[in-house]
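Atoms within each ligand, like the ligands themselves, are counted from 1 in listed order. Please read all numbers here as calculations on a predicted model, not as lab measurements. Index from 1, following the sequence.
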Amino acid sequence: MTGGRNFSRAPRNAVGNTTVLMAALAVGSCWSGIVHGADPDSQIETLMARMTVEEKVGQLNLLNDELRPAKSSINPEANRRQAEELLKEIRAGRVGALFNGVGVAGGLRAQRAAVEESRLKIPLLFGADVIHGLRTVFPIPLAEAASFEPELAEKTARAAAVEATAVGVHWTFAPMVDVARDQRWGRVCEGAGEDVYLGKLFAAARVRGFQGTSLTAENALLATPKHFAAYGAVAAGLDYNSVDISEQSLREIHFPPFQAAFEAGALSTMSAFNDINGVPASASPYLMTQVLRGEWGFRGFVVSDYTADKELILHGYAQDDQDATRLAILAGVDMSMQSGLYSAHLAKLVGEGAVPTATLDAAVRRVLRVKKALGLFDNPYRSLDPARERRDVATPEHRRLAHAAALRSVVLLKNDKQVLPLPKTARIALIGPFGEDHANLHGPWTLFAEASEAISLQDGLARAAGGAATIETVKGSDIDAPLPGGIDAAVAAARSADVVLLAIGESERMSGEAQSRTEIVVPPAQQALAEAVAATGKPVVVLLRTGRALALHGAVRDASAILVAWFLGSETGSAVADVIFGDFNPSGRLPVSFPFESGQQPYYYNHKSTGRPYRAGGAKEYTARYRETGNNALYPFGHGIGYAAFQYGVTRLSDSNLPWNGEVTVAARITNTGRVDGEEVAQLYIHDRVASVTRPVRELKGFRKVRVPAGSSEEVTFKLTRQDLQFIGTDGQWRAEPGLFDIWIAPSSAAGDPVPLQLLPGS
Ligand code: BGC
């Protein structure tokens, strides 16, 4: 126990007070009723009555799965043990869940120890970071967001769930729903990008996909929207850094994707590493008790991020391990990941009265209820079926889906003189460190896939061309350093080709956790390669591998065509080849703005106006711009082209007045003036001209992906109501205010002409 001042940060009754808890549980639920919040569950209550304090604490202890450890780890070493030792702890009821192990045999061993050899026979919960696929790897979540097809993400999450549950996983630490407005932050790749509306749709879709229609199904995977909260807002894009943020931004930008995920049925969440306004998220009663459970009625459980409870000490918020334990559980962290802190200190804290028994019990009940909701009490061996393990992993059907998802995730930024698509007879120089490479196809968050099973660019192109094209592959440069003689060989190959495919960008290790960058650029060695190759005068098509938006410079920016190929997963090469040869007409749009310069970060399209806004082509002096560049995007959020060409008619409103309780229809006609059929993403934006809180210059409120045959047109329509015009007021509540709004249907966040709409006052 530590000094009294701690109680001012996390009062004793913050969670332990049953009135607070019951009030939280009484809030209306949007879930299917699988987890019965306030109603005592007799099976769980009977169990609770039999549990010792130590056994209760055991249910809150999540440890790395040493029986079937992942080949690579993405976490620092902490509190590891041998497999036998872990089995002993399971038998003693001191472990409630394991993570990042896959395989039915190991899972059966661990589960048997829990349900056949422990006193109370409570099943283990198996978690894992299954972020965008297991053995079949789908595009990174950021790439999938570029599809602007949440239904696609739902399908890939479903397939990931089928594979994960076939190898003994019940629970994924996904989706990451952090809105990421600073591209220096390496974890941009794990989420849906910079926009809250897109983020909400993808968050909900992924939860639906992971969890399926019934949590008790063998192939349902419990989802964990993470990291609660505002982890994407870390200062300066530096991973783990502090967050200093207004209540308005929290509620308007960072909370909604979580709310959408919970409304879609997610029953766990992960407390973030960062502090928010001086309080670490993993010790924040405001986040986990007031907002999550109190306001939103969340009835699942909160797991800490990896050792995030122990890190309260280095944050300078907790005195020692015991204090950290107390602060985390009182704030509402139910389960401790890997630190072992709860295991070591919680029973004692409860014994001393520093943590109320009711707090411990509430946490245990939440965990047990979710185990029950997953059907583990009835069938502890669910998802541990050797036949399914053989049948449901890396299936041809999943591969086909990975291919479709990759196709729909690439974004064509430019295509001067229609250099693309290429004829299959072209003489191609495939230049750059990612031409033959297999090690950087999956992305930074794949723990359970084989790099050799993914299709490289070279293999994909060669297969698609079917021997007709000549493809000379030259590395030219390493990812981070020049290659002796590399540039000369690349230039020679470029000279004897019709076209250069320049496969450059970031390695897997340059994005992801702890991979913040100060300069979000193509690494200098590869930039030098690009300059040399471009100097040959041959058309250059950049195939940009990246986990974030980059500031493109020189020959890369000026290439004839730029295809953002992200990390596309198992089917990278085949999908890129289909786009390059025109077998697929690309339809992805940017979920993050590509700035001119790194120094513009954090940059996002839905920024405020300022009193001296900079307008591209307008005055430079005394405007909100940098000496070196204006403050707009080279390629804005929502931008992307294909091989067709689209023209937008004017945005039309069914009425220029929107009654307080009414709706208007917004419409525009989109004409495909190109020679091929294509898909267009028509985007609905609004801008509130005057409000009691300054509003962003634009906000996305809807989009439609429409297929328009060559030479035809399609009408796209949206309904707009007062709810679409709401924002968080100074009182922290959603509100709409009567007045004038600008409305666009446009091909990107920087295109189109708005029409005015008047929201009429209510009665
Ligand atoms: C990450 C989480 C991840 C956890 C478990 C942490 O470092 O922040 O996103 O789920 O590790 O691997």
Which ligand 1 atoms, with their elements, are less than 4.0 angstrom from a heavy-atom of M337? 5 (C)
The atoms of ligand 1 lying under 4.0 Å from a heavy atom of K226, numbered in the order shown, are 2 (C), 3 (C), 9 (O), 10 (O)
Just by distance, do the side chain of T446 and the backbone of A449 share a donor-acceptor pair under 3.5 Å? no
Under 4.0 Å, heavy atoms only, figure out whether ligand 1 is touched by the backbone of M176, its side chain, both or neither. neither
For Y306, take its heavy atoms, then give the atoms of ligand 1 lying under 4.0 Å from any of them. 6 (C), 11 (O)
Are W445 and F138, when compared by the centres of their aromatic rings, separated by less than 6.0 Å? no
Is the Lys NZ or Arg CZ of R181 less than 6.0 Å from the centre of Y604's six-membered ring, within 45° of the axis? yes
Are any of the N/O atoms in E513 less than 3.5 Å from those in ligand 1? yes
Structural part of R187 in contact with ligand 1, heavy atom criterion under 4.0 angstrom: side chain
Ligand 1 N/O within reach of E190 N/O, cut-off under 3.5 Å: no
Tell me the protein heavy atom at minimum distance from atom 12 (O) of ligand 1, and give that distance in Å. D129 OD2, 2.5 Å
Please confirm whether D305 comes within less than 3.5 Å of ligand 1 when only nitrogen or oxygen atoms on both sides are compared. yes
Ligand 1 N/O within reach of W445 N/O, cut-off under 3.5 Å: no
Using modelled atom types only, decide if a donor and an acceptor are shared between the side chain of R81 and the backbone of N79 within a distance under 3.5 Å. yes
Using distance alone, with no hydrogens and no angle criterion, decide if S282 and S304 have a side-chain donor and acceptor under 3.5 Å apart. no
Should you measure from each heavy atom of M270, which atoms of ligand 1 turn up under 4.0 Å away? 2 (C), 10 (O)
With a cutoff of 4.0 Å, is Q338 in contact with ligand 1, counting heavy atoms of the residue only? no
Which of F99, F126, F301, F210 passes ring pair (Phe, Tyr, Trp, His ring centres under 6.0 Å) with W171? Answer is F301
Check whether any heavy atom of T224 sits under 4.0 Å from an atom of ligand 1. no
Report the nearest protein non-hydrogen atom to atom 11 (O) of ligand 1: residue, atom name, distance rounded to 0.1 Å. N75 OD1, 3.0 Å
Could you tell me if N100 and N64 have a donor-acceptor pair between their side chains, going purely by distance under 3.5 Å? no
Are D309 and S336 linked by a side-chain donor-acceptor pair shorter than 3.5 Å? yes
Could you tell me which atoms of ligand 1, counted from 1 in the order shown, lie closer than 4.0 angstrom to a heavy atom of N100? 12 (O)
Are W296 and F258 near enough that their ring centres are under 6.0 Å apart? no
Please check: side-chain N/O of E389 versus main-chain N/O of V104, any donor-acceptor pairing under 3.5 Å? yes
Which ligand 1 atoms, with their elements, are less than 4.0 angstrom from a heavy-atom of F273? 6 (C), 7 (O), 8 (O)
